[in-house]
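One structure below.
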Amino acid sequence: MKAVVFEKFQTFPSLTDIEKPTPGPGEVLLKVAGSGACHSDVALYKEFAEGDPGASAPPFVLGHEISGWIEEVGPSVDGFTKGDAYLVYGPIGCGHCKACSRGQDTYCENQASMPYLASGIGKNGGMAEYVVVPARNLVPLGDADPIEAAPLSDAGLTPYHAIKLSLPNLAGGGKYALVIGLGGLGLVAVQILKALTGATIIATDMKEDAMKAAEELGAVTVPGGADQVERIREIAGGRGADAVFDFVGATPTISTAHASVAVQGRITIVGIAGGTLEGWNFFTNPYEATITNTYWGTIEDLHEVAAMYRAGQIKPQIEKYTLDNALEAYEKLEAGKINGRAVIVP
Ligand code: NAD
Ligand code: ZN
């Protein structure tokens, strides 16, 4: 079968023929419906070197945002029907530590001794005709469109987890959320904020099209530039944003995030562009403002994200590519030329 394989660190992936996999005990074989191209894939194949934090050793098939139909189940797996559609929870922990027991494989206490992080990160993922995944990682989609749903596995789940942890900051009237970076994750974040909070959503991106898309979803946008923070603060009643989500994570965006946060606000850095927070001191930090990071989410969160999708509250904005054109999707992603999310449909 055809697959997009990350073969070597700091090397663009290739479209290769590999063997169709067979599900082992506890696993299922999915016929892939869709697989989203996440910006983290670019970090995996282009930026990381062996031994870097976050690096996963190649070779493996890319694609950690996966949806598909049950094709075959492995030994000792039952309760699934061929042809039913599922989303895949990507992270794979040990399955028995405290974190894994609450469905949070991302923070598995035994990760260091695990051979891989997730489907599509160290282990073969969804950029192929078929993929084998653990049966315990499946989230049902019912009769909702599985192709459009694929990005929810990460571009939906990651902002959902970050936003859920910020809900106390956004509870009550007159609250403001700031979303920085309106790509795959950011555009779903705007919709989740809209559905879960009454906050005014302020959004920013370098791309005009991305800001237009966010406006259509109900956000107020502010372009970059010297007066950006002043304008954000002005919209946010002079106080600043109660919750800030940075889906870029570069030094300039972290600086914007910090300069825009309100007293007792919360900043979540989700983007992994490698930036740092400069100039923090007792007097530059708004009192009790916190800064944190989040990594992906829990499988329980993914069930909730799937429910929101099935209820029509969130809808990933996608561009479809075939497997034959998958490499073109990555070229465009690197060049900032994808609107929303590219989904590879084998
Ligand atoms: P994307 O390429 O789809 O979108 C990124 C957006 O940010 C684009 O619209 C781009 O124009 C905008 N942008 C880039 N630099 C900017 C700047 N300086 N100021 C304003 N806007 C800027 O990427 P994505 O797939 O949505 O991923 C976003 C980030 O989140 C990436 O760094 C990715 O690796 C990371 N990520 C983190 C997690 C996690 O668990 N923490 C999960 C998935 C992705
Ligand atoms: Zn574990």
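Predicted model, so just to flag it, every value in this text is computed and none were measured. Read the numbers this way: they start at 1 and go in the same order the structure lists the ligands and their atoms.
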Of all residues at least two apart in sequence or in a different chain, which pass the ring-ring contact (aromatic ring centres under 6.0 Å, His included) check with His39? none

Which residue owns the protein heavy atom closest to atom 25 (O) of ligand 1, what's the atom, and how far is it? Arg341 NH1, 2.7 Å

With no hydrogens and no angle check, do the side chains of Asp41 and Tyr330 hold a donor and an acceptor under 3.5 Å apart? yes

N/O of [X] under 3.5 Å from N/O of ligand 1, yes or no?
| X | answer |
| --- | --- |
| Asp154 | no |
| Cys38 | no |
| His39 | yes |
| Ala210 | no |
| Thr294 | yes |
| Thr253 | no |
| Ala273 | no |

Among Gln191, Glu148, Lys315, which one satisfies side-chain hydrogen bond (donor to acceptor under 3.5 Å, both in side chains) with Tyr309? Glu148

Atom 6 (C) of ligand 1: which of Val42, Ile180, Asp205 has the nearest heavy atom? Asp205

Exactly one of Ser14, Pro58, Pro13 clears side-chain contact (heavy atoms from CB on, under 4.5 Å) with Glu7, and that residue is Ser14

Among Pro140, Ser153, Pro151, which one satisfies side-chain contact (heavy atoms from CB on, under 4.5 Å) with Leu87? Ser153

Contact atoms of ligand 1, heavy-atom distance to [X] under 4.0 Å:
| X | result |
| --- | --- |
| Leu333 | 2 (O) |
| Gly181 | 7 (O) |
| Trp296 | 39 (C), 40 (O) |

Does ligand 1 have any atom sitting under 4.0 Å from a heavy atom of Val270? yes

When you look for heavy atoms under 4.0 Å from ligand 1, do you find them on the side chain of Thr158, its backbone, both, or neither? side chain

Which protein N, O or S atoms sit under 2.8 Å from the Zn ion (ligand 2)? Cys94 SG, Cys97 SG, Cys100 SG, Cys108 SG

Between Phe245 and Phe247, how do the two ring planes meet: parallel, tilted or perpendicular, split at 30° and 60°? parallel

Any salt bridge linking Lys212 with Glu208? Criterion: basic side-chain nitrogen under 4.0 Å from a carboxylate oxygen. no

Could you report the tightest heavy-atom contact between Ala213 and Gln317, atom names first, then the distance? CB-OE1, 3.8 Å

Locate the shortest heavy-atom distance separating Ile192 from Met308; write the atom from each residue and the value. CA-CE, 4.4 Å

